[in-house]
Amino acid sequence: MTSIPVGSRVSLRTRRGFTAVAGVLAAVLVLSGCADAEAPKEAIAPKDLTLTIGALVPESGSLKKFAPAVSAAIALAAQDVNDANAMLTVNVETQDSGDSTGTTAEDAVTELLAARATVIIGGLSNGVSKKVIDKITGAGVVEISPANDSPDFSTYGDSMLYWRTSPSCALEGSALGAEMAERIDGSIAILSEDVLCGPLLPRAVGETFQRGGGEVIVEETIDDKATGLDDQIAEAIAAKPDAVAILGTTQAEKIAKAFIAAGYSGDQLFFSGLSLGERGSGFAAGSLTGSIVTHPGLEISTISEFTDRLLEVNPSLKDFSYAAESYDAVILASLAALASQEVSGEGIASKLQEVSGGSGEGEVVTNFADAAKIILDGGIVDYDGVSGPITLSDNGDPQDAIIGIYQYGSDNVYARIN
């Protein structure tokens, strides 16, 4: 697996309102740091807390295949918190988010707020979250998405109440660009759909490839309706790049087939987001052999202990997408409640970065029970979850991402190689 750091911590602070005052505070902390570091821990006198978590799960619509694993993960996390006997009880209220069509998501949030949820896990799609983020954060409630990847959320005005356990899709561009730099000696073209991550994804691909010594000779953005796509493809092919990065889903097959028809082999084609899937019938046999695809997320086989536990909750599970990120969202919210000794949205938000290790402090822990004991004894924790180290930044994003690298074989089926 390839771990891609977000980059400069300072560059991630745009929506959190940091100013020059931060420099003054940093100087004060440097002067007082030794005394603070040596201060004895003081155990917390815990209150008996009850945290209501709202689960915004797509039980209908185009994303419903992900609902079973997400629901099982949230239930398992709540069970682990409650079994720890840390004077924190988690109750889960679940509502159907649907997809970004209709008003299902907005109606679901209304119900969750009426149930007095102070943390809402979801939505899965960027579209759903964009429809409900103002309603959630405007009510002083924390939203933690296990799946949103739009960079728009990194700079959103959410009063520090929106967080996510999935990385911005711009990080995928860095991984793809690095992979291209390793495999291609020369120039590339980049064709990207403008609805996919905006300009940050192709920019990250290009900049990373160039840092590896290559050259970007074509960079074209495809509009929503792919107006003029044939001309864009023809111009890109005419420039004779040594390889092409195809960033998108709806037009990926058409673009790939055009490059193949022009004489490009599979090992000159690079894709983001598993945009082609298994295409044995869509392409000539062997035409995709060697093509590289990137997609965020862990290799499921590496977390078999976790997936085995999920199967105890729901034995019919087949797809575990977003389960690890959903589980970690609940655990982080619970640890933040314990650390702040509050179940309000503002109280939980004030400790989310700290308990994830984003403040640069804390003892590394990998389960709620051990973390709860440290917190109650007066310590600070750095929770490394099932989905990875998380390490939330000032703008609510994970600072590291695990990006899977996939490759197509001669059967035009992809398999994970890293």
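Here the structure is a predicted model, which means the values were calculated and not measured. Numbering of residues begins at 1 and proceeds along the displayed sequence.
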Atom pairs and distances, donor-acceptor, side-chain atoms in residues 368-381, under 3.5 Å, two or more places apart:
from, atom 1, to, atom 2, distance (Å)
Asp370, OD2, Asn367, ND2, 2.9
Lys373, NZ, Asp377, OD2, 3.1

Shortest non-hydrogen contact from [X] toward [Y]:
X      : Y      : value
Leu56  : Ala108 : CD1-CB, 3.5 Å
Ala245 : Met180 : CB-SD, 3.8 Å
Pro202 : Leu247 : CA-CD1, 3.7 Å
Pro58  : Gly98  : CB-O, 3.6 Å
Ser166 : Ala147 : OG-C, 3.1 Å
Leu112 : Gln95  : CD2-CG, 3.6 Å

Residues forming a side-chain contact (heavy atoms from CB on, under 4.5 Å) with Ser356, sequence neighbours excluded: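 Ser356: side-chain contact (heavy atoms from CB on, under 4.5 Å) contacts with Leu332, Ile390, Leu392.
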
[X] side-chain N/O to [Y] backbone N/O, donor-acceptor pair under 3.5 Å:
X      : Y      : value
Glu207 : Ala204 : no
Thr208 : Val205 : no
Asn412 : Leu288 : yes
Glu179 : Ile405 : no
Asn126 : Ser150 : yes
Ser145 : Gly123 : yes
Thr104 : Ser97  : no
Thr118 : Ser344 : no
Asp397 : Ser154 : no
Ser125 : Val128 : yes

Would you mind checking if [Y] and [X] are paired as a salt bridge, meaning a charged N to carboxylate O distance below 4.0 Å?
X      : Y      : result
Glu106 : Lys135 : no
Arg183 : Asp242 : no
Glu312 : Arg309 : no

Roughly how far, to the nearest 0.5 Å, is the [atom2] atom of [Y] from the [atom1] atom of [X]?
X      : Y      : atom1 : atom2 : result
Leu229 : Glu220 : CG    : CD    : 10.0 Å
Asp411 : Thr289 : CG    : OG1   : 8.0 Å
Glu235 : Leu191 : CD    : CG    : 10.5 Å
Phe306 : Leu76  : CZ    : CG    : 6.0 Å
Ser321 : Ile300 : OG    : CD1   : 6.5 Å
Ser168 : Asn395 : OG    : CG    : 9.0 Å

If we only count heavy atoms from C-beta on, is the [X] to [Y] side-chain gap below 4.5 Å?
X      : Y      : answer
Gln353 : Asp394 : yes
Ile417 : Ile292 : yes
Tyr406 : Thr294 : no
Ile136 : Leu161 : no
Ile217 : Ile188 : no
Lys130 : Tyr156 : no
Ile53  : Ile120 : no
Tyr327 : Asp80  : yes

In sequence, state the C-alpha distance, the side-chain angles, and the governing distance for Asp382 and Val355, and then conclude on side-chain contact (heavy atoms from CB on, under 4.5 Å). CA-CA 5 Å; Asp382 171 359; Val355 299; over 6 Å; no

So if I apply the side-chain contact (heavy atoms from CB on, under 4.5 Å) rule between Pro296 and each of Asp149, Leu171, Ile403, which one comes out positive?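 Among the candidates, only Ile403 passes.
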
By the ring pair (Phe, Tyr, Trp, His ring centres under 6.0 Å) test, which pairs, at least two apart or in different chains, include something from residues 85-112?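 Passing the test, one end in residues 85-112: no pairs.
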
Does one side chain, of Glu143 or Thr137, offer a donor that lies under 3.5 Å from an acceptor on the other?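 Per modelled atom types, Glu143 and Thr137 side chains form no pair under 3.5 Å.
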
Residues Ser387 and Asp328: side-chain donor-acceptor under 3.5 angstrom: yes

Can you pull out every side-chain hydrogen bond (donor to acceptor under 3.5 Å, both in side chains) where at least one residue sits in residues 62-78? Sequence neighbours excluded, please.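 Sorted pair list: Ser62-Asp99.
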
Can you give each donor-acceptor pair under 3.5 Å made by side-chain atoms of residues 82-91, sequence neighbours left out, with the distance rounded to 0.1 Å?
from, atom 1, to, atom 2, distance (Å)
Asn82, OD1, Val90, N, 2.7
Asn82, ND2, Ala78, O, 3.2
Asn82, ND2, Val90, O, 3.1

Could you go through the side-chain contact (heavy atoms from CB on, under 4.5 Å) check for Phe320 and Leu311 one step at a time? CA-CA 10 Å; Phe320 297 95; Leu311 288 168; 4.1 Å; yes

Go through Phe271 and Ser291 one step at a time and tell me if the side-chain contact (heavy atoms from CB on, under 4.5 Å) criterion holds. CA-CA 8 Å; Phe271 305 93; Ser291 296; 3.9 Å; yes

Worked check of side-chain contact (heavy atoms from CB on, under 4.5 Å) between Val216 and Ile190: CA-CA 8 Å; Val216 178; Ile190 301 174; 4.1 Å; yes

Tyr264: ring pair (Phe, Tyr, Trp, His ring centres under 6.0 Å) partners, not counting sequence neighbours: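 Ring pair (Phe, Tyr, Trp, His ring centres under 6.0 Å) check on Tyr264 returns Phe259.
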
